[in-house]
2 protein chains.
Amino acid sequence: MSQTVDRALSILPLLARGPADLGTVAAELDVHKSTALRLLRTLHEHGLVHRQRDQRYRLGARLFTLAQEAVANLDVREVAHAHLMALNESCGHTVHLAVYEEREVLYIDKVESRYPVRMYSRVGKPVPITVAAVAKLLLADLPEAERRALAERLDYPQYTPRSTPDAAAFLRELATVREQGWATDLGGHEESINCVGAPIKGPDGRVVAAMSVSAPNVVVSAEELLTLLPHVRRTADAISREYAGTTPPKEAATG
Amino acid sequence: MSQTVDRALSILPLLARGPADLGTVAAELDVHKSTALRLLRTLHEHGLVHRQRDQRYRLGARLFTLAQEAVANLDVREVAHAHLMALNESCGHTVHLAVYEEREVLYIDKVESRYPVRMYSRVGKPVPITVAAVAKLLLADLPEAERRALAERLDYPQYTPRSTPDAAAFLRELATVREQGWATDLGGHEESINCVGAPIKGPDGRVVAAMSVSAPNVVVSAEELLTLLPHVRRTADAISREYAGTTPPKEAATG
DNA sequence: AGTCGCGTTGCATGTACTGCAACGGTCGTT
DNA sequence: AACGACCGTTGCAGTACATGCAACGCGACT
């Protein structure tokens, strides 16, 4: 809505692809060099971009600090962390915590597997939204209209033969998930990786986050992993209760 | 330099302190509500701020993604990680990796101690710049003029009696560090915590990052920790060599 | 030494940002 | 249930401010 700011912010994802010099930035924004310069300078003053010795621009450290503070505001994460650690202690597998925001699902915490074979993922990375167990849990709770609209607009990449094929199938899956109160991803993203997840609910009953346990076939079979379901659900419920306790009753905080 | 962008970006640190509504933001920026609205909308479209259910604004998830991608561009981190893990495996203590950028030093990687008593720190958090071993290493390598100017401008908080007292002492310390090629922090930040660190150098010999091992007194004494120095230096040198190998010879990348 | 490329600066033009005032919805109150 | 207060939102006129141009300075490469 604000042209200047819009242009300035467009520089960030551009630099996320790697360092760039002034000319490149100006060309990509389709503005004059002097314009790009002033925008970059402003970003620089705020620490969002950094100028390296060869004069090219990179994303800056302040982004780190901000992201850090952003996550600090997500109270669920604080509450959940200890529970996730405990779950990891007892089962040994990778544990994830994720939230939904602005048509994206992303991991906000992770406890690494104690097994040598680990799943690749990273806190802050968007989650494959059509297949991940945590994504299903979070989307299943969206208001009907929003859920339907989102499902229609998504891409359905066929990571594996078991990936969700299309919007219709996805919506059916979400209905099931909402009804049963838990979700799985059985090789829908990576052929050999399975996940079981459960929702974390706020005091108003709405899903504020989702957690899952993931393990590769080579460590435990899908059936064995499913035996962890009660444990996962108990953990999620425990987090929900503690979260309800710490959250000011009226505050409808997302995360 | 660009008023509009400047104002828009000022919103981010403001929201980092916690969610805020439109009126608050407008008041803090000292602009009209409608102006604040348009800025917030633009930030929103780019995913940098998120609107929660109570209509208040929070920092958004895209910040995470960007920070994530920013760090992915720091090649030192990629190279260093395995070495840091190995060092942690062998000694068990907390291992940190840090870089200098825009008058700040910050942790970009960390391997947690295997001992129950752990040092508090967080990736992305600014480092106490006048006392931390990694900060000394990074600042010691700055060009004379910049180093001196920075030292004069810093605050010297007395965390403990052994904290660096003033600019003169700090500059002397940096000279020593530069000469000996390693640094310590013996209770200068937290009374009971000691660190030993060594620099990681780029192909041109300049310090691109610094690493350190930290442990509380209750686990090992300062003397014991110092016996790890050769090990730490060997690790830092190994990273330097590998980094020199992977870095295009001409690229003067900061991180 | 000369030329090319890139970042930088000052300035005139006009665009798009600003603040105002009025509207509409929601919540809390009487 | 009706009223009032509050907050977010919209359209608009004026003008501050962002834009692009052209010229300069600097360093690298030939």
Side-chain angles (χ1 to χ4, degrees), chain A residues 1-12 14-15 18-46 48-60 102 143 145-146 203-204 206 248-254, chain B residues 1-12 14-15 18-46 48-60 102 143 145-146 203-204 206 248-254:
Chain A
M1 301 239 102
S2 166
Q3 189 188 61
T4 318
V5 178
D6 185 49
R7 284 175 172 166
L9 297 183
S10 303
I11 294 177
L12 298 178
L14 195 159
L15 291 185
D21 59 25
L22 178 61
T24 311
V25 172
E28 294 250 13
L29 287 186
D30 198 31
V31 297
H32 196 269
K33 279 188 304 174
S34 58
T35 304
L37 180 65
R38 235 162 345 93
L39 298 178
L40 280 165
R41 279 228 255 257
T42 312
L43 289 168
H44 180 92
E45 271 181 17
H46 285 257
L48 298 185
V49 309
H50 171 65
R51 196 142 200 208
Q52 38 189 54
R53 269 197 279 290
D54 61 359
Q55 290 213 106
R56 291 188 306 166
Y57 295 92
R58 269 207 307 99
L59 291 181
E102 307 290 335
E146 193 177 345
D204 55 356
R206 303 226 28 197
K250 193 59 200 304
E251 284 266 21
T254 295
Chain B
M1 299 240 102
S2 165
Q3 191 189 60
T4 317
V5 178
D6 186 49
R7 284 175 173 167
L9 298 183
S10 302
I11 294 177
L12 299 178
L14 195 158
L15 291 185
D21 60 25
L22 178 61
T24 310
V25 172
E28 294 250 13
L29 286 185
D30 198 32
V31 296
H32 196 269
K33 280 187 304 176
S34 59
T35 304
L37 179 65
R38 238 161 342 93
L39 298 178
L40 280 165
R41 278 227 255 259
T42 312
L43 289 169
H44 180 93
E45 271 181 17
H46 286 257
L48 297 185
V49 309
H50 171 66
R51 196 142 200 207
Q52 38 188 52
R53 270 197 278 289
D54 60 359
Q55 290 212 107
R56 291 188 306 166
Y57 295 91
R58 268 207 305 97
L59 291 182
E102 308 288 336
E146 195 177 344
D204 55 357
R206 302 224 31 196
K250 193 60 200 306
E251 283 267 21
T254 295

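Chain letters run A, B, ... following the sequence lines, proteins first, then strands; residues in each count from 1.
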Tell me whether His32(A) contacts the main-chain N or O of Ser34(A) through its side chain, where contact means a donor paired with an acceptor under 3.5 Å. yes
Would you say Thr42(B)'s side chain and Ser2(A)'s backbone share a donor-acceptor pair under 3.5 angstrom? yes
What's the [atom1]-[atom2] distance between [X] and [N], to the nearest Å?
X        : N       : atom1 : atom2 : result
Gln55(B) : dG25(C) : CD    : P     : 13 Å
Leu39(A) : dG20(D) : CG    : C1'   : 13 Å
Arg38(A) : dC11(C) : CZ    : P     : 15 Å
Arg56(A) : dG5(C)  : CZ    : P     : 19 Å
Arg53(A) : dG7(C)  : CZ    : C1'   : 19 Å
Leu22(B) : dT10(D) : CG    : C1'   : 13 Å
His32(B) : dG14(D) : NE2   : P     : 17 Å
Leu40(B) : dC17(C) : CG    : P     : 15 Å

Side chain of Thr4(A) only, please: which of dG7(C), dT19(D), dT9(D) is the nearest? dT19(D)
Could you work out which one of dT10(D), dC17(C), dT8(C) sits closest to the side chain of Lys33(A)? dT8(C)
With a cut-off of less than 4.0 Å, is there a side-chain N or O of [X] near OP1 or OP2 of [N]?
X        : N       : value
Thr35(A) : dA18(D) : no
Arg7(B)  : dT18(C) : yes
Arg41(A) : dT9(C)  : yes

Kindly indicate whether the side chain of Ser34(A) and the base of dC21(D) share any N or O donor-acceptor pair separated by less than 3.5 Å? yes
On DNA chain C, does the nearest nucleotide to Thr24(A) precede the nearest nucleotide to Val5(A) from the 5' side, or the other way round? Give the residue. Thr24(A)
Upstream residue (5' side of DNA chain C) when Gly23(A) and Asp30(B) are each assigned their closest nucleotide: Gly23(A)
Verdict with reasoning, Ile11(B) to Glu28(B), per side-chain contact (heavy atoms from CB on, under 4.5 Å): CA-CA 9 Å; Ile11(B) 294 177; Glu28(B) 294 250 13; over 6 Å; no
Nearest heavy-atom pair of Leu29(A) and Ser10(A): which atoms, and what distance? CD2-CB, 3.9 Å
Determine, stepwise, if the pair Arg56(A) / Asp54(A) fulfils salt bridge (Lys or Arg N to Asp or Glu O under 4.0 Å). CA-CA 6 Å; Arg56(A) 291 188 306 166; Asp54(A) 61 359; 2.9 Å; yes
